[in-house]
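Along the sequence shown, residues are numbered consecutively beginning with 1.
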Amino acid sequence: MKFPIFASFLVFCAFVTFITKKSSKQGMQTKEEFFEKERQANATRRQPLDNLDYITIPLTSLPLACCKDDEKIKEYIEIISTLSQNKIVNLTGITNTDLKLKYGAPNIDLLMNFDQNFTVLVRTLHLWGRRLEELKEKEAAIKVLEFGVQCQSDVSGNYQILGSIYKEQGKDYKIQELLETAKSLNSMTKNSIVRYLENLL
């Protein structure tokens with residue numbers, strides 16, 4: 001009886017060794033592929049940035065006059081106004097390596113700046129919209145938050161507040177439109193946003 005058990009143990013050990021070596025080999029291959037891709041990216045020359053999807057902030061369409069005496073609102077409007085003078089691009093979900101391969105290594109700092117502007121934009125729009133909603137300025141909040149959605153914001157709160165307002169107004173069709181936009185996001189927050197909106201319907 002002991003021999004079959006021992007034999008089974010040897011087979012198990014051999015299997016574990018095989019799997020470990022296979023995983024190690026795959027890991028080495030993946031690492032080598034990454035470094036080769038990074039090497040190519042760093043050697044890529046500067047490319048034109050004309051075809052980037054730049055975001056323009058429509059200041060005339062946003063509720064700049066609503067609750068402008070509120071200190072928080074005032075702060076958010078100042079940030080948005082300043083951002084409107086800068087270049088903004090949504091590069092969420094795209095690695096630095098891929099950016100360098102497509103646009104050239106010399107452009108990476110510029111691209112990261114564009115993307116950082118986007119992060120500040122969507123976070124500020126969320127905070128602005130939330131504050132307007134707290135002040136019972138629902139229509140103004142909708143304008144701000146809908147612009148966030150138009151920019152492909154990946155801030156969960158942007159969709160949650162907007163979705164809840166739509167629900168209060170009985171506009172399930174607007175929640176459905178919001179859901180379709182959320183499904184197209186290239187972000188880690190995509191699934192949680194989609195689940196929230198699906199639960200609202």
Side-chain angles (χ1 to χ4, degrees), residues 49 51-96 99 110-201:
L49 301 178
N51 63 338
L52 284 170
D53 190 13
Y54 293 101
I55 295 172
T56 301
I57 299 176
L59 290 179
T60 56
S61 301
L62 293 172
L64 302 181
C66 185
C67 307
K68 63 181 181 181
D69 292 332
D70 182 88
E71 287 302 316
K72 290 183 178 179
I73 296 290
K74 187 185 298 183
E75 178 187 347
Y76 304 144
I77 290 175
E78 286 177 0
I79 293 172
I80 294 297
S81 297
T82 300
L83 279 174
S84 69
Q85 302 169 38
N86 296 290
K87 291 185 176 180
I88 308 167
V89 183
N90 178 6
L91 300 173
T92 305
I94 307 175
T95 66
N96 285 351
L99 286 174
L110 199 57
L111 291 167
M112 290 177 68
N113 180 256
F114 295 168
D115 188 53
Q116 185 177 22
N117 288 341
F118 173 77
T119 300
V120 175
L121 171 65
V122 294
R123 287 180 179 173
T124 304
L125 288 172
H126 162 239
L127 293 171
W128 186 10
R130 185 178 70 182
R131 182 58 180 162
L132 287 168
E133 196 271 341
E134 290 173 350
L135 296 172
K136 310 302 180 185
E137 295 289 348
K138 299 290 179 71
E139 293 307 313
I142 287 174
K143 286 183 180 180
V144 171
L145 296 171
E146 283 184 340
F147 176 56
V149 173
Q150 182 184 330
C151 295
Q152 293 277 298
S153 169
D154 62 344
V155 179
S156 300
N158 195 104
Y159 295 84
Q160 291 169 357
I161 298 169
L162 194 53
S164 66
I165 294 175
Y166 287 156
K167 193 66 177 178
E168 289 174 9
Q169 297 178 341
K171 296 180 179 178
D172 282 6
Y173 72 96
K174 296 290 286 184
I175 299 176
Q176 187 63 50
E177 291 175 2
L178 208 55
L179 179 59
E180 294 308 311
T181 300
K183 287 179 178 179
S184 69
L185 293 176
N186 185 23
S187 170
M188 291 186 294
T189 59
K190 170 183 173 179
N191 292 336
S192 62
I193 294 171
V194 168
R195 281 195 301 270
Y196 176 82
L197 294 173
E198 286 177 339
N199 289 334
L200 276 182
L201 290 171

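Heavy atoms from other residues, nucleotides or ligands lying under 6.0 Å from NZ of K87 number 12 at most. Residue-environment remark: CG (D53) stays at or below the threshold of 12 foreign heavy atoms within 6.0 Å.
The backbone N or O of S153 sits less than 3.5 Å from a side-chain atom of Y159, completing a donor-acceptor pair. Here the side chain of K190 pairs a donor or acceptor atom with the backbone of K183 at under 3.5 angstrom. Between the D154 side chain and the T189 main chain, no donor and acceptor come within less than 3.5 Å of each other. In this structure, T92 contributes its side chain and S187 its backbone to no donor-acceptor pair below 3.5 Å. Using a distance-only test at 3.5 Å, with no hydrogens or angles considered, no donor-acceptor pair links the side chain of D172 to the main chain of L201. With D115 contributing its side chain and L111 its backbone, the two residues share no donor-acceptor pair below 3.5 Å.
Annotation: the span from F114 atom CZ to I88 atom CD1 amounts to 10.5 Å, rounded to 0.5 Å. In this structure, CD on Q169 lies 5.5 Å from CD on E139, to the nearest 0.5 angstrom. Considering CG of L179 and OG of S184, their distance stands at 10.0 Å, rounded to 0.5 Å. For the atom pair C67 SG and I73 CD1, the distance stands at 5.5 Å (nearest 0.5 Å). Distance check: L178 CG to Q160 CD gives 10.5 Å after rounding to the nearest 0.5 Å. To the nearest 0.5 Å, atoms CD1 (I77) and NZ (K68) are separated by 8.5 Å.
For the residue pair Q176 / E180, a side-chain donor-acceptor distance below 3.5 Å is found, with atom types taken as modelled.
A salt bridge links K174 with E177: the closest approach of a Lys/Arg side-chain nitrogen to an acidic carboxylate oxygen falls below 4.0 angstrom. Between E71 and K74 a salt bridge is recorded (basic side-chain N to carboxylate O distance below 4.0 Å). At a threshold of 4.0 Å, the pair R131-E134 counts as salt-bridged, since one of the basic side-chain nitrogens sits closer than that to a carboxylate oxygen.
The closest side-chain heavy-atom distance from Q152 to N186 is not below 4.5 Å. No side-chain heavy atom of L125 sits under 4.5 Å from any side-chain heavy atom of V155. Side-chain contact check for N90 versus V122: every heavy-atom pair is 4.5 Å or farther apart.
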### Query
Step by step, would you call Y76 with V144 a side chain to side chain contact (heavy atoms under 4.5 Å, CB included)?
CA-CA 11 Å; Y76 304 144; V144 171; over 6 Å; no
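Cation-pi geometry between K171 and Y166 is not met: the NZ or CZ atom fails to fall both under 6.0 Å from the ring centre and inside 45° of the normal.
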